[in-house]
There are 2 protein chains.
Amino acid sequence: MLNQSADLDRMFHALADPARRAMVERLSRGPAPVSDLARPLPMSLPAAMQHLGVLEAAGLVRSEKVGRVRTCTLDTSSLSRAERWINERRIEWEHRLDRLGEYLKSLESEGDRDD
Amino acid sequence: MLNQSADLDRMFHALADPARRAMVERLSRGPAPVSDLARPLPMSLPAAMQHLGVLEAAGLVRSEKVGRVRTCTLDTSSLSRAERWINERRIEWEHRLDRLGEYLKSLESEGDRDD
DNA sequence: CGATTGGTTAAGCATACCCTTAAGTATCAC
DNA sequence: GTGATACTTAAGGGTATGCTTAACCAATCG
C-alpha cells in the first residue's frame with residue numbers, strides 16, 4: 001500500500017489518452033496480441049508499443065510473450081482501484097449533501113416551533 | 001455528447017496529478033475558497049491556480065467569485081462519467097470471464113458424457 | 001486615505017509526453 | 001538457408017505540462 005498516490009497518478013495518466021483507452025476497450029473484450037491492439041490506431045507500431053508500456057507500468061495490462069507474439073490481457077484489479085477512488089469522493093460529496101439536507105430540515109422544524 | 005473522448009481525456013488527465021486529486025478530496029467535503037485549496041499544497045499560489053484551471057476545464061470543479069473570494073465546488077456529474085467509463089470496461093471483462101466459465105463447464109459436461 | 005488580503009496575469013524555463021524513422025532481433029514458413 | 005512476420009530498441013524532435021518569480025487588480029480593513 002506504499003505510495004498509492006503514485007499508483008493513481010500512473011493509472012489516471014494511462015487512461016487520459018484515447019489510444020490507450022481504445023486498447024483497454026479492446027482488451028476488455030478479451031486478450032489480444034500487440035499487433036491487434038496497434039492496427040486500429042492512427043500511428044506507427046513503436047508508438048503503440050509505447051502506449052502499451054504506459055498501460056503495463058500502470059498495472060492495467062499484463063502481457064506474456066510466446067514464440068514471437070506477445071499476448072496482452074487486462075488487469076481489472078487496478079482498474080477497480082481507480083474506480084474506487086472516484087466513487088469514494090462522489091459518495092463523500094453525496095453524504096455531505098444528505099447531512100446538509102437534514103440540517104436544513106431541522107432548521108425548518110425549529111422555525112415551525114419558533115414561529 | 002459531441003467528442004466525449006476529449007472530455008474523458010481532460011477528466012482523467014485532471015485526476016492524474018496528486019495536487020489536483022488533493023483539491024478534489026478537499027472539495028468532496030464541501031466548497032472552499034481558492035486559498036484554502038492552495039494552502040496545503042507544496043507550491044506557489046499561481047501554480048495551484050493553474051491546477052484549479054485544469055479541474056475546471058475538465059468540468060470537475062465549478063467556481064464563483066463573490067467580493068474578492070472565489071468559492072469552488074465539486075461537480076460530481078463529470079466525476080460519474082469517468083467512473084462509468086471504468087465500470088463499463090470492468091463489467092465487460094467480468095461478463096467475458098463468466099461466459100468463458102460457462103463454456104468451460106459445458107466442455108466438462110461433454111467430457112463426462114464422452115468419458 | 002493607505003495597507004493588506006485574495007486572487008489573477010504574464011513571462012520564462014526545465015522536464016515529460018507522444019510521435020516519428022531507422023535499424024535490430026527472434027521466430028516461423030518454405 | 002531465405003524471406004516474411006512480429007515485435008523491439010534507439011535516437012530525435014515538436015509540443016504540452018508544471019513550476020517559478022514579478023507584477024498587477026480589486027475588495028476590504030484601520
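Labels below follow one simple rule: chain letters A, B, ... track the order of the sequence lines, proteins then strands, and each chain is numbered from 1. All values reported here derive from a predicted model rather than from experimental measurement.
- Proximity of B:S44 to the phosphate of D:dT20: a side-chain N or O atom is located under 4.0 Å from OP1 or OP2.
- Rounded to whole angstrom, the span from the CG atom of A:L41 across to the P atom of C:dT20 amounts to 10 Å.
- When heavy atoms are screened at a 4.0 angstrom cut-off, B:R39 is found touching no nucleic acid atom at all.
- Atoms CG (B:D9) and C1' (D:dT17) sit 15 Å apart, rounded to a whole Å.
- Nearer to the 5' terminus of DNA chain C, by closest-nucleotide assignment, is the contact made by A:A16 (compared with the other of A:G67 and A:A16).
- With A:R21 contributing its side chain and A:L15 its backbone, the two residues share a donor-acceptor pair below 3.5 Å.
- For the pair B:S35 and C:dG7, the criterion of a side-chain N or O lying under 4.0 Å from OP1 or OP2 is met.
- Note: NE2 (A:H51) to C1' (D:dT8) measures 16 Å, nearest angstrom.
- Salt bridge annotation for B:E25-A:R89: present, with a cationic side-chain nitrogen under 4.0 angstrom from a carboxylate oxygen.
- The distance between atom CD of A:E64 and atom P of D:dA6, rounded to the nearest whole Å, is 18 Å.
- One atom, CE of A:M49, and another, P of C:dT25, lie 16 Å apart when rounded to the nearest Å.
- Rounding to whole angstrom units, CE of residue A:M43 and C1' of C:dT20 are separated by 11 Å.
- The pair B:E83-A:R90 meets the salt-bridge criterion, since a charged nitrogen lies less than 4.0 angstrom from a carboxylate oxygen.
- For the pair A:K65 and D:dA6, the criterion of a side-chain N or O lying under 4.0 Å from OP1 or OP2 is not met.
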Verdict with supporting geometry, B:M23 and B:L60, side chain to side chain contact (heavy atoms under 4.5 Å, CB included): CA-CA 10 Å; B:M23 286 179 167; B:L60 289 164; over 6 Å; no
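- When the nucleotides C:dT20, D:dT20, D:dT8 are ranked by their closest atom to the side chain of A:R70, D:dT8 comes out on top.
- Residue-to-nucleotide contacts include a donor-acceptor pair under 3.5 Å from the side chain of B:Q50 to the base of D:dC19.
- Considering only side-chain atoms of B:R68, the nucleotide from C:dC18, D:dT28, D:dG18 that sits closest is D:dT28.
- In terms of position along DNA chain C, the nucleotide closest to B:L52 lies nearer the 5' end than the nucleotide closest to the other residue of the pair A:V66 and B:L52.
- Using a 4.0 Å cut-off between charged side-chain N and carboxylate O, A:R29 and B:E92 make no salt bridge.
- Of the candidate nucleotides D:dC7, C:dT9, C:dT20, C:dT9 has the atom lying nearest to any side-chain atom of B:P46.
- Note on A:H13: a side-chain N or O is less than 4.0 Å away from OP1 or OP2 of C:dC18.
- One atom, CG of A:L15, and another, C1' of C:dC18, lie 17 Å apart when rounded to the nearest Å.
- Atom CG in B:D17 sits roughly 11 Å away from atom P in C:dC17 (whole-Å rounding).
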